[in-house]
Amino acid sequence: MSDITMKEISVKVREAGVVGAGGAGFPTHVKLSAQAETVIVNAAECEPLLKTDQQLAALYPEVVVKGLTLAMEATGASKGIVALKAKYKDAVAALEPWIKKRSNLELAIMPDIYPAGDEVITIWLTTGRRVPPGGIPLSIGVVVNNVQTLINVARAVEGIPVTTRTLTVTGAVKNPITVTVPIGTSIRDVLQLAGGVSKELAYINGGPMMGTLITDLSASVTKTTGGLIALPNDHMLIQRKRMTVDNILRIAKTVCEQCNFCTELCPRHMIGHELSPNKLIRAVNYKSIGDPLLITSALTCSECGVCEAYACPVGISPLRVNVALKAELRAQGIKYQGELGKEDPMAKHRLIPSSRLMDRLRLRPWYKEAPLSLEVYEPDEVNLKLQQHIGAPAVPVVKVGDVVRSGQLIGEIPAGALGAKVHASIDGTVTEITPQAITIRKGGATK
């Protein structure tokens, strides 16, 4: 045990502005304020082409294990699991000596499948426990954090706030690379580090399966930016992500043959969730109310993309239909009330091999090494979003013209709200403040 108390760990993580680096950005101090039995390090990194977590785990194994043990102390957990794939040989070799030093830590080697990185699937593969639909890992005594989050936890305890983000820049770029940049750096600047921007290419923020199409290269890197992937404009993934929901619904109504593949291969359905993409498509197509639980089961969709990118033989996107349904249901304040059903006895045999997914997505030509650079890029300007996390936007505590230092608090959590603090990521002057962001430019003069 360390000299720091359980409560102090959570407080320091809150002060440092740590959020989940691998997902939607849930404030980590809230997770660490809860009680759990097991803490899992999600190092699966199952999205094709991305390499950040495995590279960081290989380079900083001691820091990852320190972050894990601190998370265990904060939550009172008696067991820690580092979950990653056997093919990440450098990370496995680096972590093993540190894990063997503690009897309550375990290295869990997962199969090379997608979506092993979905926290619900990670928990199921490593512990056998199943998170109920509409539930969270804490409901079964588990807390999950990814590699970069726990590195930030370890640094937070040392008084170091989150000011940088490490991400993979890959695909059809000239020089695939994994870089560390100050949060708030423009996406255009990051792409320049990999060889520049091309009009022939389109760019995805995140992984090829769950990532979103970038429409504005002046947008900035946040604490949750998982990666940048460049692909030709005519690539199937780009074309799919550009389709409107109206077009998807028209296609679904015309060609959906209710083959059931999307449901049979849905990871959440396989572990006992009611979610049945084919039935949701049918209900939407024919405006059938049917069983209310069926419609609200869309809320349990993890948006992994298996249904649209792998399962459907006719190019329908149940995922996009689910996303639209989720937005409508949440706007009405409706929640899912179903229960966990039986696990599919063939579930583990239906998980998708990563190599097969790569081929299905036609990504093989873009599967390249993206070496980790140890240098931290220094831009002339950063634009720091006040909401880089689930919860309320941070409230500015600086004004235009203020000279700030990297690591200085510039955005505070609103009183009584769920949120995360924001810190300056470069030395400079605050040049602009909007309801959405704070801009800092190097030097002492304002615009």
Side-chain angles (χ1 to χ4, degrees), residues 4-36 39 67 70-71 73-77 119 131 134-146 148-150 152-153 155-163 165 183-184 220 222-225 299 326-327 329-337 383-400 402 404 407-425 430 432-440:
I4 190 169
T5 66
M6 296 168 63
K7 184 176 180 181
E8 286 172 336
I9 295 171
S10 178
V11 169
K12 285 182 175 289
V13 168
R14 181 181 187 275
E15 292 301 309
V18 182
V19 303
F26 192 84
T28 304
H29 70 272
V30 178
K31 279 189 177 183
L32 299 190
S33 297
Q35 293 295 295
V39 175
L70 286 167
E73 290 176 23
T75 58
E119 67 177 8
V131 178
I136 59 174
L138 268 175
S139 66
I140 57 169
V142 179
V143 166
V144 183
N145 287 295
N146 87 332
Q148 198 159 178
T149 305
L150 289 177
N152 287 337
V153 167
R155 291 172 176 167
V157 171
E158 300 297 324
I160 303 171
V162 180
T163 59
R165 171 76 205 198
I183 293 166
S220 56
T222 70
K223 296 175 183 180
T224 62
T225 303
L299 292 166
K326 287 165 74 172
L329 292 168
R330 284 170 177 164
Q332 297 177 34
I334 297 173
K335 296 183 179 181
Y336 179 69
Q337 302 294 331
N383 186 256
L384 294 132
K385 291 185 178 180
L386 290 167
Q387 187 172 26
Q388 305 183 39
H389 50 267
I390 288 176
V395 177
V397 293
V398 291
K399 61 184 184 298
V400 172
D402 284 355
V404 296
Q408 180 178 330
L409 180 69
I410 61 172
E412 180 60 272
I413 303 172
L418 174 71
K421 300 191 177 192
V422 178
H423 301 80
S425 58
V430 177
E432 185 178 9
I433 299 177
T434 70
Q436 291 76 39
I438 296 175
T439 302
I440 301 172

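V19 and A420 make their closest contact through CG1-CB, 3.5 Å (heavy atoms, listed as atom of the first residue, atom of the second, distance). The minimum heavy-atom distance between L138 and A34, with the atom names listed, is CD1-CB, 3.4 Å. N146 approaches A21 most closely through the heavy-atom pair OD1-CB, 3.7 Å. Here the shortest heavy-atom pairing between P396 and I433 reads CG-CG2, 3.9 Å. In this structure, S10 and H29 approach most closely via the heavy-atom pair OG-O, 3.1 Å. Scanning both residues, A394 and P414, for their nearest heavy atoms gives CA-CD, 4.4 Å.
Rounding to the nearest 0.5 Å places CZ of R165 at 8.5 Å from CG of N152. In this structure, CD1 in I183 is found 12.5 Å from CG in N383, a value given to the nearest 0.5 Å. Atoms NZ and CG, on K223 and L384 in that order, are 9.0 Å from each other to the nearest 0.5 Å. Rounding to the nearest 0.5 Å places CD of Q436 at 11.5 Å from OG of S220. Going from atom CD1 of I160 over to atom CZ of R155 covers 6.5 Å, rounded to the nearest 0.5 Å. Between the CD1 atom in I9 and the CG atom in L32 there is a gap of 7.5 Å [rounded to 0.5 Å].
Side-chain contact between I438 and V422: absent, with no pair of heavy atoms (C-beta onward) separated by less than 4.5 Å. Using a 4.5 Å cut-off on side-chain heavy atoms (C-beta onward), H423 and V162 make no contact. With contacts defined as side-chain heavy-atom distances shorter than 4.5 Å, the pair I136/V131 does not qualify.
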Candidate pair K399 and V430, rule side-chain contact (heavy atoms from CB on, under 4.5 Å), full reasoning: CA-CA 7 Å; K399 61 184 184 298; V430 177; over 6 Å; no
Evaluation steps, side-chain contact (heavy atoms from CB on, under 4.5 Å), between N145 and V153: CA-CA 10 Å; N145 287 295; V153 167; 6.0 Å; no
Would you please test V404 and I440 for side-chain contact (heavy atoms from CB on, under 4.5 Å) and show each step? CA-CA 8 Å; V404 296; I440 301 172; 3.8 Å; yes
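Screening residues 19-31 for salt bridge (charged side-chain N to carboxylate O under 4.0 Å, His left out), with sequence neighbours left out, gives no hits.
With sequence neighbours excluded, the residues that form a side-chain hydrogen bond (donor to acceptor under 3.5 Å, both in side chains) with K421 are E15, E412. Remark: S425 engages no residue in a side-chain hydrogen bond (donor to acceptor under 3.5 Å, both in side chains) (not counting sequence neighbours).
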